[in-house]
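Below is one structure, written out as structure tokens, with a few remarks after it.
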Amino acid sequence: MLPVKAEGAAVQNDPHITLVTPEAPISNETHGGRAKCLQRLVRLELPVPRTVAVSFDAVRRIGAGEMPDVAAIVAEMPEGALMCVRPSSQDPDWGGPGAVLNIGINDARFEHFCETIGERAAAALYARFVQSYAIHIARLDPDMFDGVNGDGRAALEQSLHAYEAETEETFPQDPAVQLAGVLRSMARAWDGTSARLLRQAKGAPADAGLGLVVQGMAFGVGRGQCGSGVLQLVDSDTGLRQITGRYLSQSQGRDALEGDADSLYLTKDPRGASLEELAPEAFAELREHAALMRQKLRAEMQVEFVIEDGKLHILDGVRVARSSRASVRIAVALADDGIIPQQEALMRVEPRALVELLHRQVDPGAKRDVIGSGIAASPGAATGKMVFTPTEAQAAKARGEACILIRRETTPEDIRGMGAAAAVLTERGGITSHAAVIGRGMGLPCVVGASNIKFDLKLRRLVAADGRVFNAGDEITVDGSKGEVLAGSAKMQEAALDETFSRLMSWAEEAADIGVRANADTPADAATASNFNADGIGLCRTEHMFFDPGRLTVMREMIFTETVEGRRAALERLLPMQRADFIQLFSIMQGRPVCIRLFDPPLHEFLPQDKAGQRELAEALDLPLSKVTRRIEAMSEYNPMLGLRGVRLGVTVPEIYEMQARAIFEATVEASRDRDPVVPEIMIPLVSAKREVELVKTVIDAVAAAVRTEKDASFTYRLGVMVETPRAALRAGEIAPHCAFLSFGTNDLTQMTYGLSRDDAGRFMSSYVQKGVFAEDPFHVLDFDGVGELLALGAERGRSAQPGITLSICGEHGGNPDSISFCRNAGFDYVSCSPFRVPVARLAAAQLAIMHKIGGAWR
């Protein structure tokens, strides 16, 4: 062993470049997560090599050309020790430049190591550093080492000669010069475009800092039992308790994870040799350390370790990478074991991660037409049309089409295209390749190294091993969890409801202080909402019920009838169908509130626009084709979404709302017979004036009185308005006294506020976001400044006029965590979103409530 320097060297007096000791002034906010974690391991008296932490401020100065006393850092290491440098960002998920190993090796140290660990191992160390230094620090072309053959001293000399020929200078021999070059290169890489875009996609601020840790190296190569590996106590995919990882003899860093055939299992395994058998004492010690780290660091950790001549060294500990399913299981297990409280377990799960858990896995029972395979680089699954350039991917996203980005290998220039794609497939690459790292960073399903598929980028096609050809635009499925590529679309697993997930959601329900309902138009939607224990249905769009083929003809007959009596006769035939729909919804929701929006779309949407459809309609209604054509033309509108629809239909053709109100009330009576009374909520769409509400309310009240008399029944109901027009939001003070609730429909409200069609906005939205016109697509993320101001004004004026009024939003924004935060701060009572977004919304609501109570967040 090399002698260890006594503590008290020069760097200890500098808070920006400090030796990692139990008392050193190190924090996540100043030196990054890796530095802070290493300090915690030192406090636990684990066998961590000597380490110096470089702060964010020091790294910024290094990037600007202001170098610290690098010789003082070298002096902190054991005499003659080699060093490695690793990144240390504030959040480990933000990443950073790759680690550089074996800094400090030179001709003299090489000769020393030849005597202590053997010439072949020493040459491998030196050659590895020469090539790493040339590529990452000197920025030379990796191809310059293509001519290096063999191993040992000869390969080393070839590497040194290649470097000197390319740079026209000898390879640096001073460890301080080498370290300075590495520090400068890593500092500048952090500010590169690719690194900045990647971390910002993960939520990092644009000015996020990078720290660096300089660590004395323990050798995983040499005489005796030497090697390196990683160990964790849970499975990253499932979250179940299981020791996983790999160990590779005569290796460094994370070599064991590169897929080397000589890698060993950690625990005893019938498939091959294991570390537990090879070095039982070191394995037992490693296992104990991992369990201690889990307990004291309060997280599942992946332990990076080195065994040097039988002695264990802990190089690092990072949070275990985990799938969405695993993140839930890990958080719940830590709470069950008393390591963290339930509220902190809720804060450990990212709400958006639940989307992947619920939506993006190929159903285990689905038929799999496998056309190729590669490395499962990033979990999840997606189906889309094949595209071969990032530009095509962005264009597909603008059109609302899911696409799979096909590349030989990805580069930093591909990041925007990757962000637009549903998944990525590459011919080359490994688990740490660009596509794999970016894919995992973005949560993008990714398969890399699919070498058994022929990638013909010139002809824009893939050729499977069995000869099948797939061209640009063809549909394929990428399963990033299994590393497989499937022909066509695959049945997806839409929900993963297990006991652990349900328990986490029950904790979220207890913690949340804003309600979460579901938008549900069908019994299937309602059943899903009920399974997720939604607080009710916040939006039931009744018009969807009329598109059923058995009802569409009757609906069209009603539209073509020109008299009130004729319309009522047609609607009378629809009444029992609507009543049955509502009875089913009430029964499924079991007493939870159901908010039913009255008929909203323009009537012409129910009429055929093509000649074939018009001929069929004429035949079904026994009318001349000419009359059908004229009627359809007469009903056409220049701007139908701002025309005769919503409450305007209710006022001008009141028979429709009369029928729907009767169906609701008769269903209420029927559904209340053997259970608690149902209290339906009836919502009037597209209101812009108080008088509209008064007119419709008169009709609804009259129908309610008639049903009570006819059925000899007593029931109550709540009438409200869907606030979708800017005027309704501005005049909420006039409208609120006539309502029990105001529900803001942010889809149409956004359209009308921006004067922007959500159906056409995709043509230019990507360009608008890229050019900074909009920070985000306002149909995906609520516009807090514009639409949000209307919501706040409407809420304030509505509550002032009627203090007890219920406030909510029911657009697609209702499932967005940031939108939920806005609604909560504005005093809304609940949000309503699509059924599968309910868990996301509920977890986000719980986290907001917890943060409000503690004034911060656990991470």
Side-chain angles (χ1 to χ4, degrees), residues 1-6 9 47-52 70-71 73-85 99-134 137 145 148-164 170-179 181-182 214-229 247-256 260 262 264 275 278-279 281-282 305-315:
M1 287 292 296
L2 296 167
V4 177
K5 283 187 64 66
V48 178
R50 199 170 178 88
T51 305
V52 170
V70 179
I73 299 176
V74 175
E76 284 292 345
M77 299 298 136
E79 185 79 29
L82 302 190
M83 297 164 284
C84 71
V85 179
V100 179
L101 311 180
N102 303 322
I103 303 164
I105 194 166
N106 52 27
D107 294 347
R109 296 307 301 163
F110 166 65
E111 297 299 339
H112 170 77
F113 288 134
C114 285
E115 298 176 4
T116 57
I117 65 175
E119 181 178 288
R120 184 173 179 178
L125 295 179
Y126 199 176
R128 179 175 187 161
F129 178 61
V130 170
Q131 295 187 16
S132 176
Y133 190 93
I137 287 79
F145 296 109
V148 175
N149 298 310
D151 54 21
R153 187 182 291 267
L156 169 61
E157 291 175 350
Q158 292 174 45
S159 298
L160 287 168
H161 177 73
Y163 178 89
E164 292 166 3
T170 59
F171 188 76
Q173 297 293 299
D174 185 344
V177 172
Q178 295 177 3
L179 179 59
V182 172
V214 183
Q215 192 173 70
M217 289 195 64
F219 290 127
V221 294
R223 298 189 173 99
Q225 181 49 241
C226 294
S228 66
Y247 172 78
L248 181 62
S249 294
Q250 301 298 318
S251 69
Q252 291 185 296
R254 302 176 75 84
D255 290 349
D260 194 298
D262 294 328
L264 305 181
L275 178 61
L278 194 65
E281 292 183 3
F305 66 93
V306 164
I307 295 177
E308 180 182 19
D309 196 15
K311 183 177 180 181
L312 177 68
H313 299 270
I314 303 297
L315 304 185

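Only this structure's heavy atoms are used, side chains among them; waters, hydrogens and symmetry mates stay out.
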Hey, what do you get for CG (Leu82) to CD1 (Ile103), rounding to the nearest 0.5 Å?
9.0 Å

With side chain to side chain contact (heavy atoms under 4.5 Å, CB included) as the test, pick out the partner of Cys114 among Arg109, Arg153, Arg120.
Arg153

Start with the C-alpha gap between Ile307 and Leu275, add the side-chain angles, then the distance that decides, and say whether side chain to side chain contact (heavy atoms under 4.5 Å, CB included) holds.
CA-CA 10 Å; Ile307 295 177; Leu275 178 61; 3.7 Å; yes

What do the steps show when you test Leu101 against Cys84 for side chain to side chain contact (heavy atoms under 4.5 Å, CB included), and what is the final call?
CA-CA 4 Å; Leu101 311 180; Cys84 71; 3.6 Å; yes

Please confirm whether the backbone N or O of Asn149 pairs with a side-chain atom of Gln158, one donor and one acceptor, at under 3.5 Å?
yes

Spacing of CG belonging to Asp309 relative to CZ belonging to Phe219, to within rounding of 0.5 Å
12.5 Å

Nearest heavy atoms of Gly310 and Ala282, plus distance in Å:
O-CB, 4.2 Å

Do the side chain of Tyr247 and the main chain of Gly227 share a donor and acceptor less than 3.5 angstrom apart?
yes

Side chains of Cys226 and Val221 in contact at under 4.5 Å (non-hydrogen atoms):
no

Rounded distance [0.5 Å steps], CD in Glu119 versus CZ in Phe110:
5.0 Å

Write down the atom of Arg223, the atom of Ile117, and the distance for their closest heavy-atom approach.
NH1-N, 3.7 Å

Any idea which heavy atoms bring Ala122 and Ile105 closest together, and the distance?
O-CD1, 4.2 Å

Are side-chain heavy atoms of Glu281 and Leu312 found at a separation under 4.5 Å?
no

Nearest atoms (heavy-atom pairs only) where Gln250 meets Gly224:
NE2-O, 4.0 Å

List the atom of Pro49, the atom of Leu315, and the distance in Å for their closest heavy-atom pair.
CG-CD2, 3.7 Å

Distance (rounded to the nearest 0.5 Å) between His161 NE2 and Leu156 CG:
13.0 Å

Qualifying residue, where the test is side chain to side chain donor-acceptor pair (under 3.5 Å) with Tyr126 and the options are Asp107, Asn106, Asn102:
Asp107

Determine yes or no for a side-chain-to-main-chain donor-acceptor pair under 3.5 angstrom, with Gln178 supplying the side chain and Pro172 the backbone.
yes

From CE (Met83) to CD (Gln215), nearest 0.5 Å:
12.0 Å

Heavy-atom closest contact (Ser159 atom, Val130 atom, distance):
O-CG1, 3.9 Å

Rounded to the nearest 0.5 Å, how far apart are CG of Leu125 and CE of Met217?
7.0 Å

Would a line drawn from the ring center of Phe129 to the ring center of Phe171 be shorter than 6.0 Å?
yes

